Amino acid sequence: MSLGLRFVGVGNANAPELGSACGALERDGVPLLMIDCGPEALSAWLAHYAALPPAVYVTHTHMDHVGGMERLFYQAWFDPARRGRLRVYAHAKLIPLLQARVADFPEPLAEGGANYWDAFQLVPCSRGFWHEGLWFEVFATRHHAPETSYGLALPGSVVWTGDTRPIPEMLGHHAGRGELVAHDCSLQGNPSHSGTDDLAREYPSELRQRLVLYHYGSEAEAAAMQRGGWRVARRGELLALAPPLMRHAPASEPAERGATPGP
């Protein structure tokens, strides 16, 4: 099994030319999970993979991260093979927010007879979730109000922070085994997002070497961060990942690297 992380989009809300911040976890070259679905993300995904994502993980409900989910509803609903099967994973605290932002509009179909969630399989989570035999950890991040944003970790392999200020305690726990860390960052930080000075101050050198920065505001910002010695993700870039530390082993197959049958 080979895993990769593709940066479908790397821009913040003010940089549509860089694509909505969106990740794709690939296994053996096949997309496994979409991380966030902003306004530009679905178009970029379809242009690359020519098919809907098999599942989506939502980090938080700002529109630059969920603005493409109305269109995703229509794509899934009118595809009989996918209707009701496209999984949407989100922390349980986000479900009311997700409902209010993308699912509450009455009669999503002019013909009636459908609810927004009929097109999906909604899977609320708290500590994490199983997807296609892999256990993903979910953890709180620092973005606007508490309990409104959550990162994602595949232990031993990769961490995706979503929008966040520095979170050294969380990354010490969820990225302490050599994981690649895709981290929200632009040249200048603010009360909702990290800047390079924040990362330099809050994270140890060993962790900084594993960061790949995304969610920036322009190509000029990206170039400036690179000149400062930071690794910066580019739109469409695919990075190879280490195998995860845990995976769900079938009964006929021995567990590998400390795998357990449950969290």
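If you're wondering where the values come from, they're calculated on a predicted model, not measured in any experiment.
For the pair Pro31 and Trp45, the tightest heavy-atom approach, listed with the atom from each and the gap, is CB-CZ2, 3.5 Å. The two atoms that bring Pro244 and Leu154 nearest to each other are CB-CG, 3.9 Å, heavy atoms only. Summarising the geometry of Ala114 relative to Leu109, their closest heavy-atom pair is CB-CD1, 3.5 Å, with the distance given to 0.1 Å. Across every non-hydrogen atom of Gly217 and Leu18, the tightest pair is C-CD1, 4.1 Å. In plain terms, the two heavy atoms of Pro53 and Leu42 that are nearest each other are CD-CD1, 4.2 Å. Across Gly156 and Ala242, no two heavy atoms sit closer than the pair O-CB, 3.7 Å.
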**Request:** Go through the steps to decide whether Leu245 and Arg177 satisfy the test side-chain contact (heavy atoms from CB on, under 4.5 Å), and finish with yes or no.
**Result:** CA-CA 9 Å; Leu245 290 173; Arg177 292 152 291 194; 3.3 Å; yes

**Request:** For side-chain contact (heavy atoms from CB on, under 4.5 Å), just list the numbers for Val212 and Val181, CA-CA rounded to whole Å, side-chain angles, deciding distance to a tenth of an Å, and then say yes or no.
**Result:** CA-CA 6 Å; Val212 182; Val181 180; over 6 Å; no

**Message:** Checking Leu152 against Leu33 for the side-chain contact (heavy atoms from CB on, under 4.5 Å) test, could you report, in this order, the C-alpha distance in whole Å, the side-chain angles of both residues, the deciding distance, and whether it holds?
**Reply:** CA-CA 11 Å; Leu152 185 68; Leu33 181 68; 3.8 Å; yes

**Prompt:** Between Leu52 and Leu72, does a side-chain contact (heavy atoms from CB on, under 4.5 Å) hold up when you go through it step by step?
**Reply:** CA-CA 8 Å; Leu52 292 180; Leu72 188 62; 4.1 Å; yes

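Under the 4.5 Å side-chain criterion, counting only non-hydrogen atoms from C-beta, Leu238 is not in contact with Phe7. Counting heavy atoms from C-beta on, the side chains of Val123 and Val88 never come closer than 4.5 Å. Between Thr59 and Thr161 there is no side-chain heavy-atom pair separated by less than 4.5 Å. Residues Tyr150 and Thr141 fail the side-chain proximity criterion, which asks for heavy atoms closer than 4.5 Å. Residues Val159 and Phe139 are in side-chain contact: their nearest non-hydrogen atoms beyond the backbone lie under 4.5 Å apart. Residues Ser149 and His144 fail the side-chain proximity criterion, which asks for heavy atoms closer than 4.5 Å. Contact check for Arg127 versus Glu137: no side-chain heavy atoms found under the 4.5 Å cut-off. With contacts defined as side-chain heavy-atom distances shorter than 4.5 Å, the pair Arg234/Tyr214 does not qualify.
Put simply, CH2 on Trp230 and NE2 on His183 are 9.0 Å apart, with the number rounded to the nearest 0.5 Å. Separation of atoms CG (Leu25) and CG (Leu134) is listed at 7.5 Å; rounding is to 0.5 Å. Of the inter-residue distances, the one linking Thr196 atom OG1 with Gln188 atom CD reads 6.5 Å to the nearest 0.5 angstrom. Atom-to-atom distance recorded for His215:NE2 and Asp36:CG is 8.5 Å, nearest 0.5 angstrom. With rounding to the nearest 0.5 Å, the separation of CG in Asp197 from SG in Cys185 is 8.0 Å. Of the inter-residue distances, the one linking Ser192 atom OG with Arg142 atom CZ reads 10.5 Å to the nearest 0.5 angstrom.
Screening residues 67-83 for side-chain hydrogen bond (donor to acceptor under 3.5 Å, both in side chains), with sequence neighbours left out, gives Ser43-Arg71.
No donor-acceptor pair closer than 3.5 Å links the side chain of Tyr203 to the backbone N or O of Asp198. Counting only distance, with no hydrogens or angles, the side chain of Ser20 and the backbone of Glu40 share a donor-acceptor pair below 3.5 Å. Side-chain atoms of Asp28 come within 3.5 Å of backbone atoms of Ser2 as a donor-acceptor pair (strictly under, hydrogens ignored). Of the possible polar contacts, one joining the Arg101 side chain to the Thr61 backbone as a donor-acceptor pair under 3.5 Å is found.
Using a 4.0 Å cut-off between a side-chain N of Lys or Arg and a carboxylate O of Asp or Glu, Glu219 and Arg235 do not qualify as a salt bridge. For Glu26 and Arg6, the salt-bridge test passes: some basic side-chain N is under 4.0 Å from an acidic carboxylate O. A salt bridge does not link Arg208 with Glu206: every distance from a Lys NZ or Arg NE/NH1/NH2 to an Asp or Glu carboxylate oxygen is 4.0 Å or more.
Between the side chains of Ser194 and Asp184, not a single donor N or O lies within less than 3.5 Å of an accepting N or O. Asn12 and His193 form no side-chain donor-acceptor contact under 3.5 Å, judged by distance and modelled atom types alone. In this model, no donor atom of one side chain and acceptor atom of the other lie less than 3.5 Å apart for Asp163 and His62.
Outside the 6.0 Å centre-distance limit, the rings of His91 and His60 are not counted as a close aromatic pair. Ring to ring, Tyr89 and His131 are close: their centroids are under 6.0 angstrom apart. If you look at Phe136 and Trp160, their ring centroids are not closer than 6.0 Å.
Here His173 pairs with nothing under the side-chain hydrogen bond (donor to acceptor under 3.5 Å, both in side chains) rule; sequence neighbours left out.
Between Phe73 and Phe120, the ring-plane angle classifies as tilted under the 30° and 60° cut-offs.
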